[in-house]
Amino acid sequence: MISLEELLSQISQEDYLKHSRVHPLPIPDEGRTWHIKREDELGFFAGGSKIRKWRTLIPALVNAKVDTAILIGSAYSNNVLGLTLLLQEKGIKPLPLLLKAYEDTPKGNRLFIELSSKPIYLERKEWPQVESVAETLKAKLEGEGKKVEIIPEGSYMKEAFYGALTLALDIVQNEKDLGKTFDHIFIDAGTGLQAQALILGLCLLNHKALVSVLLLHEDPEKFRRELDVWSEMLGISDKPRFNIFFPKGQRGFRPLEGKAFEEIIHFARKTGVWTDPLYSGRLVQEAPLYAQTKEMQGNILIVHTGGLTALFGFQDALTKSFAIL
Ligand SMILES: *Cc1c(COP(=O)(O)O)cnc(C)c1O
């Protein structure tokens with residue numbers, strides 16, 4: 001089995017930030033000490049764990065001399081916004097291919113995607129065919145002499161997986177800095193790529209923490225199958241141990257609403273940490289409940305995967321909460 005450091009030393013990487021701090025959370029809880037890893041501090045538009053994926057994805061595109069990248073995603077995608085800017089920095093043209101939003105007025109990430117690039121929108125009924133639409137567009141552009149790459153939702157690609165492996169190494173660095181080890185690690189999952197890389201990165205490092213993945217919109221069987229594929233690629237023979245759990249409140253890949261939104265505000269007031277209504281806000285609300293059900297003990301780490309610019313798309317909900325707080 002290859003060492004993680006050795007593997008990463010063979011892959012071209014940009015020098016984007018890859019160290020985020022960990023601090024305790026002021027949440028008293030019998031038998032459990034809660035900590036949070038501040039991936040949200042890794043930048044603004046490119047803030048959060050995704051910058052890890054891009055650190056290896058961008059060099060792969062540059063090395064392949066790609067000049068146009070078709071970016072598939074939702075109208076509010078963190079991946080599309082952050083990647084658009086990093087591509088432009090390299091002189092690569094981003095071409096976002098997005099799912100049309102319900103609202104007429106652009107706000108939040110969508111506003112900044114539209115200000116930064118010229119997205120193409122697909123209607124909801126066309127969305128299931130997005131991949132073939134992207135292929136057709138790619139063929140057309142290649143006919144015009146362009147070198148094109150399609151970036152799937154969440155940058156779910158091998159080229160991004162390597163960068164995502166840096167999270168496990170950075171957690172081990174945090175443990176050295178803090179002089180403690182984590183018994184449990186919580187992370188949220190959209191496509192699941194970052195969580196899969198964390199689980200396997202820890203495996204390569206022989207780390208004993210049990211990772212619990214809050215699965216927001218993937219099928220758990222698909223998550224397990226994909227994990228097996230990466231595991232084989234890395235030559236890991238042990239079956240990794242991890243938990244998959246689901247939101248107790250609202251199911252599905254939707255932002256939080258109503259009372260859960262107030263929880264985001266209460267959490268920020270109590271801990272000084274803002275979370276977003278799609279990922280981290282859900283994770284900090286669900287993790288303590290899950291830890292209790294599973295009777296977890298010891299040092300627990302929540303990975304705040306970032307994505308705070310999404311909050312600017314929810315100013316109405318935030319403003320309404322004034323009335324209730
Ligand atoms: C994309 C994203 C995730 C999910 O990452 P996956 O690798 O797709 O599971 C989690 N949090 C934030 C803030 C994100 O932008």
Side-chain angles (χ1 to χ4, degrees), residues 16-17 20 36-57 71-86 98-99 108-110 112-113 151-168 185-201 211-220 222-227 229-230 242 244-247 252-256 264 273-287 302-314:
Y16 307 150
L17 294 179
S20 70
I36 192 158
K37 181 157 177 65
R38 301 296 303 276
E39 298 276 281
D40 58 310
E41 291 182 340
L42 292 179
F44 185 72
F45 282 132
S49 301
K50 279 221 177 53
I51 200 164
R52 298 186 183 277
K53 298 182 184 178
W54 301 327
R55 75 172 5 251
T56 48
L57 174 56
L71 312 179
I72 298 177
S74 85
Y76 298 94
S77 163
N78 292 325
N79 186 57
V80 171
L81 177 55
L83 195 50
T84 287
L85 303 171
L86 295 174
L98 308 178
L99 170 62
N109 283 358
R110 182 182 147 204
F112 288 93
I113 292 171
I151 313 294
E153 275 187 272
S155 296
Y156 198 101
M157 303 167 83
K158 186 168 93 182
E159 293 78 359
F161 177 76
Y162 293 118
L165 286 169
T166 60
L167 176 59
I185 302 177
F186 280 92
I187 188 163
D188 44 42
T191 67
L193 187 73
Q194 181 58 75
Q196 291 158 359
L198 173 62
I199 292 168
L200 297 176
V211 178
S212 294
V213 181
L214 178 65
L215 205 57
L216 292 167
H217 77 148
E218 276 302 343
D219 156 23
K222 182 161 177 265
F223 184 94
R224 288 196 177 88
R225 278 197 306 276
E226 291 169 345
L227 193 72
V229 172
W230 297 126
F242 60 95
I244 288 179
F245 70 115
F246 306 96
F253 196 57
R254 282 185 300 141
L256 293 172
I264 288 187
V273 181
W274 276 98
T275 52
D276 77 296
L278 289 149
Y279 297 101
S280 48
R282 312 192 73 147
L283 187 61
V284 300
Q285 291 178 29
E286 300 285 347
I302 296 180
V303 180
H304 185 325
T305 50
L308 289 185
T309 55
L311 280 172
F312 299 110
F314 294 91

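Just so it is clear, the values below take in all heavy atoms, side chains as well, and ignore hydrogens, waters and symmetry mates. Read the numbers this way: they start at 1 and go in the same order the structure lists the ligands and their atoms. Counting from 1, the numbers follow the sequence of the chain as shown.
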*With no hydrogens and no angle check, do the side chains of E41 and S20 hold a donor and an acceptor under 3.5 Å apart?*
no
When rounded to the nearest 0.5 Å, the distance separating CG of L165 from CG of L200 is 7.5 Å
Residues with a heavy atom under 4.0 Å from ligand 1, by chain and number, are K50, K53, N78, D188, A189, G190, T191, G192, L193, Q194, Y279, T305, G306, G307
Residues W54 and G82: closest non-hydrogen pair is CH2-CA, 3.5 Å
In short, side-chain hydrogen bond (donor to acceptor under 3.5 Å, both in side chains) pairs touching residues 158-168 with sequence neighbours left out are R52-T166
With sequence neighbours left out, the residues meeting salt bridge (Lys or Arg N to Asp or Glu O under 4.0 Å) with R110 are E114
Contacts of E226 meeting salt bridge (Lys or Arg N to Asp or Glu O under 4.0 Å) (sequence neighbours excluded), chain-then-number -> K222
